[in-house]
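Scroll down for the structure; my scribbles are underneath it.
When reading the values below, keep in mind they use all heavy atoms of this one structure, side chains included, and skip hydrogens, waters and symmetry mates. None of the values given here were measured: they were computed from a predicted structure.
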Amino acid sequence: MKTFFTSASIFRVGRALLGLTIAALALPLAAAAQTGGPGAVSGSLLEAGSGKVVPFSDVLLLRAADSTFVAVAQTTEQGTFKAGALPLGTYLLRVQDLNYQVLRRRFTLTAAAPAVQFPGLKMTAATATKLNEVVVTGQKAAVVEELGKRVINVEKDLASVGGTAANILQNVPSVSVDVNGTVSMRGSSNITILIDGKPAGVSNGGTGGQRLDQIPASRIAQVEVITNPSAKYDAAGGGGVINLITKKETRSGTNGTASINLGTNDKYSGNLSLSRKVGKATWSGGYDGRDVTYGSKGHSEQTARVGTETVQTTQIGVGNEIHRNHNLRAGVELELPKNQTLGLNVNGGTERNLEGEGQELTQQTNNGPVQRARGRQDLDVQVKMLNYGGNYRRTWEAHKGRELTANFGGVVIDANVPVVQRQYAEAGSAGLPQPGTRQLLELLGNIQYGQIDYTHPLADGKGRLEMGAKLEHQGNNGSNSFGFAANESRPDDFVNDPARSLTYASNQLVPAAYVTAQHSLGPKWNAQVGLRSEYTYLSGSIEGGVGINQRGSLQQDYLSFFPSALISRDFGKEPGQNRLQLSYARRLNRPNFMQQLPLAIYQDPRSYRLGNPRLQAEFSNNIELGHQLTVGQATITSTVFARITTNSIQRLRYVDTVATRLAGNAGLVTAETYDNLGTTTNLGAELSLNQPLAKWWRLTASTSLYRAQIAGNGIASNRTALVGTARLANNFTIRPTLEMQLSGNVRSASVTAQGRQLAWGQLDLALRQRLFSDRAALTLRISDLLNTSSYRTEVATDALASTRYAKDETRVGWLGFTWYIGASKAKPGRIEAAPQGGGGFGG
């Protein structure tokens, strides 16, 4: 291939050298903020062939999980280097010198082996060539296994461009996201979702806070998946913990990104993220905005026994949804004297969701004449959110590994949700028009929390003791105003019905404390045990609504203990290369206030949801055995697991015979509620593979298969099913600046207390072209390429047989443009390319 010596080439090389100089100046600042531990690494550099020492070369130490700077050293005149005060963990050592080729080494510092030596590293002289544009590419480890958790780097996931956090989680091992945005792990949607390790008022596909499909994917750098959390984590979330880690910038100067995304059929989103590091302060700010419109359609059929009558109904709906979100955020990280740091952050925003659907309704009783009606539902969700927090960290230079951290924060949610229902009889039908109704829901929710954690290394240097305490309060105050249209001539005037209107309040206080101990049992063994205690106090009241039977006070209080244990054995030469790990944890799921609130929320004219104030918490015992094997650049992880849940919370549907009779010809009315139904048991296995098949092709695959059993507890018979999921992602480097990703996932039918949710899956395609010397990137993404993603459920009981089908607009084309500001670049690796990795199992 010919190369040409041009002024543009000189400019690009000069700019690259300038970038290296700026990065070198920024290294001491970044290192100062991230070091502090018992680890150390040392070694020497020699020139390959001659054996001469290599002096004055930069030795960079980067965190393997995300390639961020940790420390930097420089070789002496004798070619030796040394770096100390390093936290334990896995690192990438990178030696850079303009006269030699880049040299890389991966290593791990553990409590059993906190020091690593690299004597006589051989440096190969750089090959002389004519100057031309130089493109240095690399790839981070896609999945990195750490003790007790799995870290997934998602910055290169092209399938999330223009998307949300829900799109990112679709490609995360052990995680499944259905078309409603509900996230589950190994068949359980009872999971805890954190942002940067802190509560953030995020709801899992339901009501009560910011949904995952409202968090831009562009804000997320990593996802931590903890399938079997230790006692250090909140006990809530029997299915596990997902921690979304947002992008942060620690380099000096002004850095960031600006992007805009355009989607088919009126979909727009954009965001701006900026940070500026000056001295010992790093300031950050940003904006996220989204205005998208999605079409939707659905179909349902029901057959029910109402007394001595058999009632058959159908419902066909067509509508659309408009989502408009705006969010502003700001924060500062300060480096204080005596190894202390302090951070403060705040973000606020508004969300508005407009949903409208026209419906065609039919009803037939005892094979009589078919009654036809038209229905209309309009919903306007308006939410204001404020999220604030702070964190403090203190280390001791004379006592490596000793650390004190504290954080506090809160979330305020102010929501206003009017739901308007109208129904009209078709011309010539025997049905009668029904008066329009409006249900106005108002909610003011808040979360406040404070937590302190302390880590103390043991005297022998082979373990550590951790302890901490936390206090969390959740409060909710709201009202439900239910009214009927005054008359047909004034359809937007509603008269309040005091019999169906009420106010409510609930408060939940959870003080907690924990202690964990980790210790090395030998050169290859490591063990960790822990115990957490949490006291739950719930109080609430419901007033008004004289026509509602379930009123009065809500009160529960209970003290629970949650042990955890983990033991691992390394069989390879390096930690994590060939590891077997066994873990246990006890967890719980507290019902949220919407599940306990006896308030009928109509989803359409013929169905509503109703909370159960008698609902109790469910508890689960989780056991997991995993094996990780790294062979060359391939990593294979296999896991077998068991989760046994007692007092299991299940969703049930039944016919509201009273509402059906009151509705007359308006149609059959069904209700969904929640109840504790005995024990559920999930037994299964997972397998994941991360394998580069060629320099231009990387394959990531995972699959799980588990047996789910649900006890009916007198309401229905015990139900058992075999459920499987599969995920496959292919990343292709077509040319140095052009990448393509083809990914797909599928889940088989799953069992519910009264029926099943049918199988679903989708295929996504994305391409990214880096532009202007990696200063910008243009991305094209098509989600659900084959338009196969849909939501289908079946219910079969003695009194009710029902099928439901819902299809939102999922095949969408996105075109995104991103501009990288300052030192940021659109390279595959932000700073450096870690070796290929994958697999892993949580513990």
Classify the side-chain pair T793/R804 by whether it contains a donor and acceptor separated by less than 3.5 Å. no
Anything under 30° is parallel, anything over 60° is perpendicular, the rest tilted; go ahead and classify Y91 against F107. parallel
When rounded to the nearest 0.5 angstrom, what distance separates CD1 in I191 from OG1 in T227? 12.0 Å
Exercise: identify the closest heavy-atom pair between A749 and V723: O-CG2, 3.7 Å
Once you round to the nearest 0.5 Å, how far does CG of L689 lie from OG of S638? 11.5 Å
Do T635 and Q628 have side chains that approach each other closer than 4.5 Å (heavy atoms only, starting at C-beta)? yes
Donor-acceptor pair between N320 and T293 side chains, under 3.5 angstrom: no
Closer than 4.0 angstrom, basic N to acidic O: yes or no for E739 and R770? yes
Please identify which of these residues, L272, N271, L328, N325, meets the side-chain contact (heavy atoms from CB on, under 4.5 Å) condition with D288. N271
Would you check if there is a donor-acceptor pair between the side chains of S783 and D764 at a distance under 3.5 Å? no
Atom CG in N228, atom OG1 in T639: separation rounded to 0.5 Å? 10.5 Å
Short question: side chain of N261, backbone of W814 - any donor-acceptor pair under 3.5 Å? no
Measuring from atom CD of Q769 to atom CZ of F817, what distance do you get when rounded to the nearest 0.5 angstrom? 11.5 Å
Judged by atom type as modelled, is there a donor-acceptor pair below 3.5 Å linking the side chain of R727 to the main-chain atoms of V175? yes
Residues T700 and N690: side-chain donor-acceptor under 3.5 angstrom: yes
Thinking salt bridges, do R324 and D291 make one under a 4.0 Å N-O criterion? yes
Do T810 and Q762 get their side chains close enough for a donor-acceptor pair, meaning under 3.5 Å? no
To the nearest 0.5 angstrom, please state how far the CZ atom of R768 sits from the CZ atom of R781. 14.0 Å
Look at atom NZ of K807 and say whether more than 12 heavy atoms of other residues, nucleotides or ligands are closer to it than 6.0 Å. yes
